[in-house]
Amino acid sequence: MKTLKTICLSLICMAFAACTGSAPTPAEVAAKIDSHETLSETDYSVMIDYCGEYARNAQKYFDIINEQPSDSTAEYSRAAQDLATMKANSPYIDMFRTAIYAASDSQIGEKNIKKVQDFQKYEAFPLPEGSGPDLTLPDEIGLIEDMPDTDTTAVIATGDGVAVEPNTK
């Protein structure tokens, strides 16, 4: 009887999924990227979820690594190896990170921006281009970069580091 209920529930779930129009798989999105097709908000949603889940799971290893006094401890080595194994088991992570990083907020879409903001607290999550400075640092207004050779209109300072709003209270 219990098996029959499980089978019926599974069939109902599969029918519901078929009717609602399922999102593409990570492999399908990767194929679109490889063929240089235009990506939809749904495609970005799949990539953000994929990278976000990876970043969430990787954070425990980053926490261990960051706690170590040096990279020669056994804990550091184990965490680094586990992180490398996790990355090897995530075949689209670099492709999706690159695509997310290169996308603007308008390409990603309004509904996905919230997801990005939720996932950006993890070290392994890529912040999309155009998202501006780290929103967790309210007095940071931009990055200091080397002076460009030609157009200097948007340059606020030169050197390395971050620019901080001097009038922050």
> With sequence neighbours left out, what residues match Lys121 under salt bridge (charged side-chain N to carboxylate O under 4.0 Å, His left out)?
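Per chain and number, Lys121 pairs via salt bridge (charged side-chain N to carboxylate O under 4.0 Å, His left out) with no residue.
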> Is the shortest distance from a Lys or Arg side-chain nitrogen in Arg78 or Asp82 to a carboxylate oxygen in the other one below 4.0 Å?
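The answer is no: the pair does not qualify as a salt bridge.
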> Kindly write out the residues that satisfy side-chain contact (heavy atoms from CB on, under 4.5 Å) with Ser72, not counting sequence neighbours, or none if the list is empty.
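Ser72 satisfies side-chain contact (heavy atoms from CB on, under 4.5 Å) with Ser70 once adjacent residues are dropped.
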> Who are the side-chain contact (heavy atoms from CB on, under 4.5 Å) partners of Ala84, not counting sequence neighbours?
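Ala84 satisfies side-chain contact (heavy atoms from CB on, under 4.5 Å) with no residue once adjacent residues are dropped.
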> Under the side-chain contact (heavy atoms from CB on, under 4.5 Å) rule, collect the residues that match up with Ser77, sequence neighbours excluded.
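Ser77: no side-chain contact (heavy atoms from CB on, under 4.5 Å) contacts found.
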> Let me check something: any side-chain donor-acceptor pairs from residues 45-52 under 3.5 Å, sequence neighbours excluded? List them with distances.
{"unit_1": "Ser45", "atom_1": "OG", "unit_2": "Lys115", "atom_2": "NZ", "d": "2.4"}
{"unit_1": "Asp49", "atom_1": "OD1", "unit_2": "Lys115", "atom_2": "NZ", "d": "3.1"}
{"unit_1": "Asp49", "atom_1": "OD2", "unit_2": "Lys115", "atom_2": "NZ", "d": "3.2"}
{"unit_1": "Tyr50", "atom_1": "OH", "unit_2": "Tyr92", "atom_2": "N", "d": "3.2"}

> If the condition is salt bridge (charged side-chain N to carboxylate O under 4.0 Å, His left out), which residues does Glu53 pass it with, not counting sequence neighbours?
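Applying salt bridge (charged side-chain N to carboxylate O under 4.0 Å, His left out) to Glu53 gives Arg56.
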> In Å and rounded to the nearest 0.5 Å, what is the CG to OH distance from Asn66 to Tyr61?
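Answer for the CG-OH pair, Asn66 versus Tyr61, is 14.5 Å.
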> Which residue pairs satisfy the salt bridge (charged side-chain N to carboxylate O under 4.0 Å, His left out) criterion with at least one member in residues 31-41, sequence neighbours excluded?
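Matches after skipping sequence neighbours: Lys32-Asp43.
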> Which residues satisfy the side-chain contact (heavy atoms from CB on, under 4.5 Å) test with Gln59, sequence neighbours excluded?
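Checked Gln59 against side-chain contact (heavy atoms from CB on, under 4.5 Å); matches are Phe62, Asp63, Tyr122, Glu123.
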> In chain order, what residues pass the ring-ring contact (aromatic ring centres under 6.0 Å, His included) check against Phe119, with sequence neighbours excluded?
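With sequence neighbours excluded, Phe119 shows a ring-ring contact (aromatic ring centres under 6.0 Å, His included) to Phe125, given in chain and number order.
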> Who pairs with Lys87 by salt bridge (charged side-chain N to carboxylate O under 4.0 Å, His left out), at least two apart in sequence or on another chain?
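Result, salt bridge (charged side-chain N to carboxylate O under 4.0 Å, His left out) vs Lys87: Asp94.
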> Could you pull out all residues at least two apart from Thr98 that satisfy side chain to side chain donor-acceptor pair (under 3.5 Å)?
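Counting only residues at least two positions away or on another chain, Thr98 forms no side chain to side chain donor-acceptor pair (under 3.5 Å).
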